[in-house]
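Just follow the structure's listing: the first ligand is 1, and inside any ligand the first atom is 1. Since this is a predicted model, take the numbers as computed values, not measurements.
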Amino acid sequence: MPQEIYNFGAGPAVLPKPVLAQVQEELPDWHGSGMSVMEMSHRGREYMGIIAQAEADLRTLLAIPENYRVLFLQGGASQQFAMVPMNLLAGGRAAYVETGIWSRKASSEARRFGEIDVIASNATAADHAVPRQESWQLRPEHRYCHIADNETIDGIEFDFIPELGEVPLVSDASSNILSKPLDVSRFGLIYAGAQKNIGPAGLTLVIVREDLLGKAGPQVPTMLNYAVHAENASMYNTPPTFAIYVAGLVFRWLLQQGGLPAMAEINARKATALYAAIDGSEGFYRNDVATANRSRMNVPFFLRDSRLDGEFLQEAGQRGLLQLKGHRLLSGMRASIYNAMPEAGVRALVDFLHDFAHRHG
Ligand SMILES: *Cc1c(COP(=O)(O)O)cnc(C)c1O
């Protein structure tokens, strides 16, 4: 039997095997249409069915309330760093909570568009935690408050949904959306680049409460205006048709697994097993994040002796454990264990962690 391959990359990331098989099967001729999804008109009957089903399944998975719109956009999460303030700031002030590299990028981009208050930050904290909400300096005039629910590079995840009263909560959920049930009604806007936990790169998902639409000024480019995309059902121009189709298959697959409650259980088991292996290594490996905020999706860890990093990665690769090299800003290792990473992949990684430490400890 050929060796199983497990891809721990942070993004673009692993997709469910059954989804890839279905894409392969349907690639040249989608459901007898005589065409690949890639070749279809986005306004044709077939494709309108595909995108409508994708949205319906996403709404089912997240129980998205009626007064929220789902937008299928492009530009990545990085474009949302600008689109959020362009659409919601309207010359006012906004609050940002910084918990890692992505939320810091979001706040610095937002500064191009208005007054930005960093109302809480873990920049100086040695414990790598999410600042408790009691310490946040939120003000009623803040047009919104931005968080990154899961910091993909730092491995820091919120363990609570902030309660902000009238101030809309905006969340970058790129790397943990669909990993567990989420009460969408607590948010004003949620965005996510698809290539972590949804589907192929090129698609960006935005879920936005209707009353937040239409606040963009006249200088905001058409393509960067949420209201334009909402009015045109993500068809103002050509949407990323193929990426939306694959995302739709992932939504279907998630429903077949038992939806997000089932995924949350599996994800908790995977993360618990991996952190236990790191913590139980007597310091051979270490993860610095405060226990309550350890990401269930992205697990950065460091070898006590970084001179072994190269050997670790090489041996892991020989065992079919791929893309474990940490982000270039932090170095060390990072294992991303999104929905599509099977429990067997985490078991294989845990076995390797034990074995490597045993031989080199
Ligand atoms: C990957 C990532 C981004 C950047 O996404 P792009 O789609 O590459 O722009 C932003 N925020 C978070 C939390 C991410 O994981």
**Option set Asp149, Asp172, Ile101, Thr204, criterion heavy-atom distance to atom 11 (N) of ligand 1, minimum** = Asp172

**Presence of salt bridge, Asp159 and Arg132, under 4.0 angstrom** = yes

**Message:** Using a strict threshold of under 4.0 Å (side-chain N to carboxylate O), is an ion pair present between Arg347 and Asp351?
**Reply:** no

**Fill in**
For Gly76, the atoms of ligand 1 under 4.0 Å from one of its heavy atoms are 7 (O), 9 (O)

**Request:** Would you mind listing which atoms of ligand 1 come within a distance below 4.0 Å of any non-hydrogen atom of Thr152?
**Result:** 12 (C), 13 (C), 14 (C), 15 (O)

**Fill in**
Looking only at protein heavy atoms, what sits closest to atom 1 (C) of ligand 1 is Lys196 NZ, 1.5 Å

**Request:** Flag the pair Arg294 and Asp279 as a salt bridge only when some basic side-chain nitrogen lies within less than 4.0 angstrom of an acidic carboxylate oxygen.
**Result:** yes

**Message:** If you take the centroid of each ring, where Trp contributes its six-membered ring, are His42 and Tyr47 closer together than 6.0 Å?
**Reply:** no

**Item:** Salt-bridge criterion met for Arg59 and Glu55 (N-O under 4.0 Å)
**Value:** yes

**Nearest-option assignment for atom 9 (O) of ligand 1, heavy atoms, candidates Ala10, Ala192, Ser78, Ala13** = Ser78

**Asked** Is there side-chain contact between Leu62 and Ile190, with at least one heavy-atom pair below 4.5 Å?
**Response** no

**Request:** Check the pair Glu315 / Arg319 against salt bridge (charged side-chain N to carboxylate O under 4.0 Å, His left out), numbers first and verdict last.
**Result:** CA-CA 6 Å; Glu315 282 192 29; Arg319 294 216 195 178; 5.3 Å; no

**Asked** At what distance is the nearest protein heavy atom to atom 7 (O) of ligand 1, and which residue and atom is it?
**Response** Gln195 NE2, 2.9 Å

**Asked** Nearest to atom 5 (O) of ligand 1, what protein heavy atom do you find, and at what distance?
**Response** Ala77 CB, 3.5 Å

**Fill in**
If we number the atoms of ligand 1 from 1 as shown, the ones under 4.0 Å from a heavy atom of Asn150 are 13 (C)

**Complete:** Per-atom filter on ligand 1: closer than 4.0 angstrom to a heavy atom of Phe81 are 10 (C)

